[in-house]
Amino acid sequence: MRKRILVANWKMHKTAAEAKDFIRQLLAPANAEVWIAPSFTAISALKGSFVTVGAQNMHEEAQGAFTGEISAGMILEAGATFVILGHSERRRLFGETDARILKKVQRALSSGLTPLFCIGETEEERQQGKMAAVLQRQLKNLPAADMVIAYEPVWAIGTGKTATPEEAQEAHQLCRALLSQMWGKERADKTPILYGGSVTPQNAADLLKQPDIDGALIGGSALSPQTFQEILKL
Ligand code: PGA
């Protein structure tokens, strides 16, 4: 049985003081793990709370002359235990390639951080029938290790358009089949695959009911403790 994991990706929102205020209002759910990826400067503010704390990105090198970047060791020291890698905003707005994201995954693993590895097709790719090829390309060469995968169709992120539960299940099943080919069935079966993209308290229950959807990666609906709590209660 895979555990349910509900992850808040706060993106460039919330100061450390706002993060503390948020966590004071949140109750731990009975049957799910809660993970939060705040800004780097708010990681230590959530340390010691009931949530698992992570970062939204990191550099692939351990250290060096990379002005403005942050290393795995730095975010670990701040209190993070996981790191989101390959988010579509990093791929699209910051030009991160599959090869670079894989280097980040290797660095995270060798540093003791759990990667939350994001994949997903654009609207155009879906319309052209390329979804499977895109997911296969993004998963290619991913090392067999303990990590969490998030399937986030790019057209659903921050747009209010969600994949239907059936569309999401189909993509998740495909991801699991690809992982099974790469890693063997046992590891594929125990790897949590989360859905992300305009998850709300209204659509979350039907998505989370799907057999291959093990949780959610939530942006907009995780910014208010009330709305996030509604999803945690499901
Ligand atoms: P959203 O963001 O829930 O606001 O669509 C999800 C994400 O980017 O991880």
Side-chain angles (χ1 to χ4, degrees), residues 4-14 18-19 22 26 32-40 42-43 46 51-58 75 80 82-96 101 104-105 108 113-126 131 134-135 138-139 147-165 167-169 171-172 175 192-208 210 213-234:
R4 178 180 285 186
I5 307 175
L6 298 168
V7 187
N9 172 13
W10 280 349
K11 310 192 179 185
M12 202 172 73
H13 296 283
K14 295 195 193 296
E18 287 165 345
F22 181 101
L26 205 67
E33 283 190 24
V34 184
W35 294 16
I36 297 184
S39 66
F40 295 126
I43 290 174
L46 295 181
V51 303
T52 300
V53 192
Q56 300 171 17
N57 180 35
M58 54 165 243
I75 57 180
F82 76 94
V83 58
I84 299 177
L85 295 173
H87 190 280
S88 72
E89 286 155 15
R90 298 297 316 174
R91 293 176 187 265
R92 186 169 50 89
L93 304 172
F94 300 95
E96 291 194 13
I101 296 160
K104 294 186 181 208
V105 168
L113 283 164
T114 303
L116 200 179
F117 183 75
C118 303
I119 54 175
E121 81 288 357
T122 63
E123 185 148 39
E124 199 187 1
E125 288 164 340
R126 176 170 275 256
M131 179 188 84
V134 170
L135 298 183
Q138 291 172 333
L139 287 172
M147 69 176 81
V148 177
I149 309 286
Y151 167 68
E152 299 202 295
V154 178
W155 47 273
I157 297 178
T159 57
K161 291 191 213 166
T162 330
T164 63
E167 284 170 334
Q169 166 58 22
H172 281 234
C175 291
I193 307 179
L194 316 183
Y195 172 80
S198 296
V199 173
T200 64
Q202 289 70 42
N203 61 27
D206 285 339
L207 287 162
L208 292 169
Q210 302 302 312
I213 300 185
D214 306 311
L217 178 53
I218 308 159
S221 294
L223 289 174
S224 129
Q226 288 75 27
T227 318
F228 191 40
Q229 190 82 61
E230 281 183 55
I231 299 175
L232 301 189
K233 277 195 300 212
L234 293 171

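Along the sequence shown, residues are numbered consecutively beginning with 1. The figures here come from the full heavy-atom set of this structure, side chains too, leaving out hydrogens, waters and symmetry mates. Counting convention: from 1, in listed order, for ligands and their atoms alike.
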- Item | Protein residues having a heavy atom less than 4.0 Å from any atom of ligand 1 | Asn9, Lys11, His87, Glu152, Ala156, Ile157, Gly158, Gly197, Ser198, Leu217, Ile218, Gly219, Gly220

- Task: Answer yes or no: is there an ion pair linking Lys11 with Glu89, defined by an N-O contact shorter than 4.0 Å?
- Result: yes

- Item | Salt bridge present between Glu96 and Arg91 (N-O < 4.0 angstrom) | no

Could you verify whether a donor N or O on one side chain and an acceptor N or O on the other, from [X] and [Y], lie under 3.5 Å apart?
X: Thr122; Y: Glu125; answer: yes
X: Tyr151; Y: Gln138; answer: no
X: Trp155; Y: Glu121; answer: yes

- Task: Using the test ring-ring contact (aromatic ring centres under 6.0 Å, His included), find all partners of Phe228 that sit at least two apart in sequence or belong to another chain.
- Result: none

